[in-house]
Amino acid sequence: LYIMDFIGMLGIPLVPVHEYPENAKVVFLPTQAAADADILKKVENSLKNGSTVIFTAGFLANAKNGAKLAAMAGISHPVKIDPVNARKIMVNGKAVPVKYGLDLESRLSVSDGETLLTAMAGHEKIPFFIKSKTANVFTLNTHTFSQADFDAVGEVLLCPKPLGLLEIPEAWANTLHDAVNPKLGFDLQAPVRVVVQPLGEADWLIHNYNKSEASFTLKSPEFSEKTPVNALTGEEITHENNTISMTLAPRSRVWVKFE
């Protein structure tokens, strides 16, 4: 529950759909997608078409043909649901505390995949973000909420507790950005809670949902030939080397649009 909201808050744009998005350049498959009995064939077709596919650990644990999907991801099978709260994460070779801890879905074991981000549960290192070496597949080992989490605190609408997923450092957020956004035609470097909404091929609405100011850079080939403006104010936005760099005030936004 709320997985789409949290992934969006990491600076990865999403359009939730009720059927497999066969023509999407990037496909994100959380646990809900495991209900599709033909999911393996659809994933294979996406990869043949050059798309990037992102699994969650919960998806791999529940999907039909989970062994083949896990092998595709470079993850050891079976994948077992075993939620754990990792109090620290690895940043530049050092274990760093993360506020609220990072909720993981499984104690994943990597077969031939490459672990890009690692969490620490006690002295145990657990892969958080894994890249396949044989396919354009990534696996995100995260966990948001189950219905039991809501029931335990008597909540119906609001999230039952804060998650450390929105407390990860900017370096971690950018690792996630780099896996997804270039495939969508742009590159974003920004901390968490800086959200991007692509509007067509050359418009982006960027929100800062932080309680403090936040800086970001946005890079796109579009900047080489056109002049971007802030569509909310009409002011021209300066850019250099196909990149704009801006600082947004708390709870503010900019609409990067081309004249």
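In this chain, numbering begins with 1 at the start of the sequence shown.
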Exercise for the section: Apply side chain to side chain contact (heavy atoms under 4.5 Å, CB included) to V15 and list each qualifying residue two or more places apart in sequence or on a separate chain. Expected result: V17
Fill in the blank from the handout: From the list V180, T56, I12, side-chain contact (heavy atoms from CB on, under 4.5 Å) partner of F28 resolves to T56
Exercise for the section: State whether the number of non-hydrogen atoms from other residues, nucleotides or ligands found under 6.0 Å of E124 atom CD is greater than 12. Expected result: yes
Exercise for the section: Can you establish whether the number of heavy atoms outside E213 located under 6.0 Å from its atom CD is more than 12? Expected result: no
Practice task
Find the distance between OG1 (T217) and CZ (F186) and round it off to the nearest 0.5 Å.
Solution key: 11.5 Å
Practice task
Let me see the working for L10 and L166 under side chain to side chain contact (heavy atoms under 4.5 Å, CB included), right down to the final yes or no.
Solution key: CA-CA 7 Å; L10 295 177; L166 295 189; 4.1 Å; yes
Practice task
Start with the C-alpha distance between D36 and K41, add both sets of side-chain angles, then the distance that settles salt bridge (charged side-chain N to carboxylate O under 4.0 Å, His left out), and finish with yes or no.
Solution key: CA-CA 10 Å; D36 189 337; K41 182 178 179 181; over 6 Å; no
Handout entry: Side-chain H-bond candidate by donor/acceptor type, D178 with Q189, under 3.5 Å
Key = yes
Practice task
For the pair V27 and L29, evaluate side chain to side chain contact (heavy atoms under 4.5 Å, CB included) and give the outcome as yes or no after the intermediate values.
Solution key: CA-CA 6 Å; V27 181; L29 300 175; 3.6 Å; yes
Practice task
For K219, look at atom NZ and say whether over 12 heavy atoms of other residues, nucleotides or ligands are found less than 6.0 Å away.
Solution key: no
Problem - Derivation and outcome, side-chain hydrogen bond (donor to acceptor under 3.5 Å, both in side chains), residues T31 and N62 - result: CA-CA 7 Å; T31 302; N62 289 280; 4.8 Å; no
Problem - Donor-acceptor pair between S215 and T247 side chains, under 3.5 angstrom - result: yes
Exercise for the section: Using a cut-off of 6.0 Å, state whether more than 12 heavy atoms not belonging to K68 lie near its atom NZ. Expected result: no
Problem - F129 and W172 aromatic centres sub-6.0 Å - result: no
Handout entry: E240 atom CD, neighbour heavy-atom count above 12 within 6.0 Å
Key = no
Fill in the blank from the handout: Between the CD atom in E105 and the CG atom in N141, the distance rounded to the nearest 0.5 Å is 7.5 Å
Problem - Step-by-step side-chain hydrogen bond (donor to acceptor under 3.5 Å, both in side chains) determination, D187 to N181 - result: CA-CA 6 Å; D187 175 70; N181 294 336; over 6 Å; no
Exercise for the section: Report whether V194 and V256 are members of the same hydrophobic cluster (ILVMFWY, side-chain heavy atoms less than 4.5 Å apart, transitive linking). Expected result: yes
